[in-house]
Amino acid sequence: MDTTTGSHPSTPVDGPARRSDPPNAATSGPSTDSSAGPSTTRSPRHNHRPGHPYRREDHHSTALTHALVAAGRGYAVIPLTRAKLPAVRSPHHADQATAPCRGACGQLGHGIHDATADPLAVRRLFAAAPWATAYGIACGVPPYHLIGIDLDTKHGADGLTALRLLAEEHHVALPPTVTVRTPSGGHHLYFSGPPTPPVPNSAGRLAPGIDIRGTGGYLVGPGSHTSRGTYTLTPGTPRTPTPAPPALLHLLTHLPHNTSPRATLHTPSTPAPALLRFVRTAPNGQRNARLFWAACRAHESGLGQEMTTALTTAALHTGLTEREARATIASAARR
């Protein structure tokens with residue numbers, strides 16, 4: 001995992017597979033999805049065409065290469081589709097069993113329960129799904145007991161800033177760690193954790209734009225190609241996941257069990273200063289979204305009325321009009 005080459009967890013610097021060593025794909029499935037090597041009898045529709053620099057076969061081979069390198073470094077992986085779903089089809093789709101099988105049958109197609117770091121098993125998984133163009137890294141399993149923090153930027157959310165705000169509120173020092181950039185401009189932060197207690201998965205419970213991937217979840221690995229684009233390792237990222245700070249672990253193992261984000265606000269000190277900074281530093285395009293989020297947090301903590309004037313002033317600082325600011329704050333109060 002040489003940081004100068006951006007190698008964690010899957011950049012193929014010295015990994016077990018290369019582009020010249022394509023996967024031994026299964027012969028079943030649509031021929032256009034095949035990952036088999038070059039053939040002199042290939043149909044013309046598979047030929048490279050101008051304006052189409054990549055083929056599905058290339059993405060499959062690339063995903064397998066990165067997955068094998070990640071597996072060589074201890075990460076348990078599974079192949080994924082372009083939609084980021086487990087690629088191997090379930091052998092039980094027609095079964096009427098009441099208890100779901102988690103791989104005890106010995107067949108492939110059990111989602112995250114198929115995850116493995118065995119290179120031969122990884123090749124077998126990808127051969128069973130020649131349409132796979134991405135791979136997932138299982139969280140919560142040895143040796144890293146990986147914890148993934150997915151920071152989103154879609155739909156007005158600002159996960160990175162929200163995480164920094166939460167870290168300030170709860171006195172969490174966030175150390176540099178492995179970081180993967182997503183196609184939408186978000187980030188995945190990788191932290192290692194202890195075997196217990198397990199970190200649960202959650203979506204948006206910690207804050208808007210923050211999803212947690214813990215036991216039973218997975219992260220889309222760098223080098224994966226999805227319908228939204230390619231996941232890439234952030235330059236200069238650390239070589240291995242940094243251990244999660246104890247305060248962060250406490251936050252992740254306790255707050256997601258609450259059905260309301262209200263619990264994140266009850267800290268020994270008032271969250272008002274942090275919320276106001278969150279609004280005042282909003283860039284263009286996120287001013288209303290940040291104001292609405294901060295106003296919701298203020299109301300949930302019982303400070304809605306007291307902070308209305310201060311939030312309005314902070315919003316005016318960003319360039320919003322008083323009418324816009326008060327309308328947004330009123331919307332948050334009705335939420």
Side-chain angles (χ1 to χ4, degrees), residues 1-13 15 17 19 23 35 53-88 111-112 115 117 122 125-126 129 131-141 144 146-155 157-160 163 176-192 201 203 209-214 217-242:
M1 301 182 186
D2 182 4
T3 58
T4 61
T5 56
S7 60
H8 161 90
S10 66
T11 303
V13 179
R19 291 294 296 274
S35 60
Y54 298 105
R55 297 171 297 176
R56 179 87 45 101
E57 298 95 317
D58 295 324
H59 293 313
H60 179 93
S61 180
T62 298
L64 172 57
T65 298
H66 283 270
L68 284 169
V69 175
R73 293 180 174 132
Y75 295 92
V77 301
I78 56 170
L80 302 177
T81 66
R82 286 167 52 85
K84 302 184 290 187
L85 299 174
V88 181
I112 195 63
V122 173
L125 283 167
F126 271 82
W131 46 84
T133 61
Y135 70 99
I137 297 178
C139 297
V141 298
Y144 299 108
L146 197 63
I147 301 166
I149 301 181
D150 182 356
L151 305 176
D152 213 342
T153 58
K154 298 191 296 290
H155 311 301
D158 186 352
L160 183 59
L163 179 63
T177 191
V178 175
T179 305
V180 173
R181 188 169 182 83
T182 71
S184 64
H187 295 84
H188 289 171
L189 306 183
Y190 290 40
F191 288 98
S192 62
N201 295 281
I210 302 180
D211 296 344
I212 305 301
R213 298 291 178 259
Y218 60 84
L219 293 165
V220 180
S224 293
H225 183 81
T226 70
S227 59
R228 294 187 177 274
T230 301
Y231 287 70
T232 58
L233 195 68
T234 299
T237 191
R239 296 179 58 175
T240 57
T242 301

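Throughout, numbering of the chain's residues begins at 1 and tracks the sequence.
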Considering only heavy atoms from C-beta outward, does the side chain of [X] approach that of [Y] to under 4.5 Å?
X	Y	result
Leu219	Leu146	yes
Ser224	Leu80	no
Leu68	Phe126	no
Ile149	Ile212	yes
Ser184	Asp152	yes
Pro79	Val88	yes
Ile210	Leu151	yes

Which atom of [X] lies closest to which atom of [Y], heavy atoms considered:
X	Y	result
Ala71	Val122	CB-CG2, 4.1 Å
Ile137	Gly221	CD1-CA, 4.1 Å
Lys84	Val220	CD-CG2, 3.7 Å
Leu163	Leu189	CD2-CD1, 3.7 Å
Ala87	Ala129	CB-CB, 3.7 Å

Task: Residue list, salt bridge (Lys or Arg N to Asp or Glu O under 4.0 Å) with Asp211, at least two apart or on another chain - done: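 With neighbours one apart ignored, the set is Arg213.
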Task: Any donor-acceptor pair under 3.5 Å from Trp131 side chain to Thr81 backbone - done: no
Task: Heavy-atom donor-acceptor pair, Thr234 side chain to Thr179 backbone, under 3.5 Å - done: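 A pair under 3.5 Å: yes.
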- [ ] Please say which of Tyr144, Tyr218, Tyr135 ends up in a ring pair (Phe, Tyr, Trp, His ring centres under 6.0 Å) with Tyr75.
- [x] Tyr144
Task: ring-ring contact (aromatic ring centres under 6.0 Å, His included) partners of Tyr231, counting only residues at least two apart - done: His188
Would you compute the distance between atom [atom1] of [X] and atom [atom2] of [Y] and round it to the nearest 0.5 angstrom?
X	Y	atom1	atom2	result
Thr177	Phe191	OG1	CZ	5.0 Å
His187	Thr237	NE2	OG1	10.0 Å
Leu64	Thr133	CG	OG1	12.5 Å
Thr230	His59	OG1	NE2	6.5 Å
His66	His225	NE2	NE2	12.5 Å

TODO: Under the side-chain contact (heavy atoms from CB on, under 4.5 Å) rule, collect the residues that match up with Val141, sequence neighbours excluded.
DONE: Ala76, Ala138
